[in-house]
Amino acid sequence: MRELIKYESRKYFKSNKIIMPLLFWILFLRVCYSEGNLSYVPSIVMSMGVLFFVMTWISFSYQEVEELISEQLLVLKLQSAELYNVSKFIFLLLIGLGFSILGIAFPMIQNLLNHFSIFNREIIIPDIINGVVLHFIIASVGVALGALFHPRIIKDKMSVLMVVTAAILGYAKGPIILEFPISKFVLWIFPPVYDILGSFNGQEYFDLQHMILPILYGCVYSIIIAVIQLICLKKVKF
Amino acid sequence: MSAIISLSNISKKFGRNEVLSNINLTIQKGQSIAFVGNNGSGKSTLLKIVCGLTNPTSGEVKCAKRLKFNYVPEHFPKMSITVKQYLTHMGLIEGMPENKVQEGIQELLKSFFMEQMTDSQMKHLSKGSLQKVAVIQALLSKPDVLLLDEPLSGQDVKSQRKFISMVKELNEQGVAILMSCHEMFLVNQLSSEAYEIKNMQLEPLDVTKYTDYDYDILSFEKPEMEANIPAVITEMIHKLDDNEGEIRMVVPREDSNQILMQMLQKGFKLRAMKGIDE
């Protein structure tokens, strides 16, 4: 598994597909934390929302890096299609972790360089840890969503449009449900991004009580989608 | 010999297009089977069904145990990593010890005249060199079953000879060889049993009628005016490589003179002629 992830990372980074999402993420962080006197929790929540889209983008584009023949050879070498598919998921989660750490490290460094004037209160260690954890949870939701639209599962050329629509509906389902309450019977199926981000409305600190539900939402959704993806890939094969 | 794979009533459809229908076949340990047939007849699909990469539409594939399949695909993808990096990763992913992987790679790269290309990016390799990488990754470890899908396409004659001898050696060690190919020359060299896929069915071919051949390799320069190889000659050719400006063919020695004369009459210029073993 370790060797497979090393191979995946070498191929992925050589493909240059990470450059655009990484630049976008850095640019967002630069703009977001260019002003001072920000509230910590709302800033982190906004950054989580953007990371969800970035990770969906990365996950979706990553599925196209490996050519079909190359995938077939790897499956035969591993003697397990499941192991191969799980390794790809783990690799994406590792990228998600990297982006999450960057999403917290960047404002912390900015804060330090600006004599602790970026945020309107002192940042404590739990703020940092909780920020990374929540970023990682939302990143895993994005990874799951992008991975579900694997070219072997959804062969439609409109899959880019489909993944973008699913991501937007996941992000904006709260206001849609408020406007059209009946839509909640359909919109629950989309990623729980609004539910996760909305849990921190009006919060000054990330306390454990308010974090449990969003973490559960993110983990359960990601695991369900990952299992569905693995089942679909096992069924369609090559 | 013991049966390791059995195919029962295998059918495969792509949409409404059926390519295989009610295929039954038992594959024994150490057997070497060739599947020949026209393009799109389902040869590659059958190989992929055998190793579980593709699901049959109906029917069943039974394996005696968990088998290790090594596979030489027909079209190997161009990648942005070097030959050595790719082969090293493949060996380690298979679970081979690092030193064995490095030894194996060095030996195989030397055997296939690729030592100079060790650090070349795979995306810059020619079709023939890429095909050699496909062969090397499959020969790094010993499998239970070796799947060969048009394995010789684009390779030079010396590498082809090396490949054939290595595959024969594996076969003698009990590795089952399943091969899809167009070339009767390769069937003659490697297979003890052959089937033609015709009308979605497997039709046994009499391989004994190909086994007594000695072969010559003829290389021709194409005439400036476009000329086709006469149909009567095409039927005699057991392997044909058509490169830009040059045609190389493997033909039964008894037909060499006739082929040579007809090709010269058609305006092709002879560039080289030698026995396959020279």
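At least one side-chain heavy atom of A/M20 sits under 4.5 Å from a side-chain heavy atom of A/W57. Between B/V72 and B/Q131 there is a side-chain heavy-atom pair separated by less than 4.5 Å. B/L7 is listed as a side-chain neighbour of B/L46, based on a closest heavy-atom distance under 4.5 Å.
Only the side chain of A/L73 comes within contact range of chain B, with heavy atoms under 4.5 Å apart. Neither the backbone nor the side chain of B/E74 comes within contact range of chain A; no heavy atoms are under 4.5 Å apart. Proximity to chain A is limited to the side chain of B/I81, based on heavy atoms less than 4.5 angstrom apart. Contacts of A/K235 with chain B are made by backbone atoms alone, with heavy-atom separations under 4.5 Å and no side-chain atom involved. For A/E67, the part lying near chain B is the side chain, with the backbone staying farther off; criterion is any non-hydrogen pair under 4.5 Å. Contact of B/K78 with chain A is made through the backbone alone, with heavy-atom distances under 4.5 Å. Of the two parts of B/K48, only the side chain, counted from C-beta on, holds a non-hydrogen atom closer than 4.5 Å to a non-hydrogen atom of chain A.
Between chain B and the options A/Q79, A/M1, A/K14, the largest number of non-hydrogen pairs under 4.5 Å is found for A/Q79.
For the pair A/K11 and A/F13, the NZ or CZ position fails the cation-pi test of under 6.0 Å to the six-membered ring centre and within 45 degrees of the ring normal. Both cation-pi conditions hold for A/R152 and A/F238: the charged atom is under 6.0 angstrom from the six-membered ring centre and inside a 45 degree cone around its axis.
Between the side chains of A/Q229 and A/H150, no donor-acceptor pair of N or O atoms lies under 3.5 Å.
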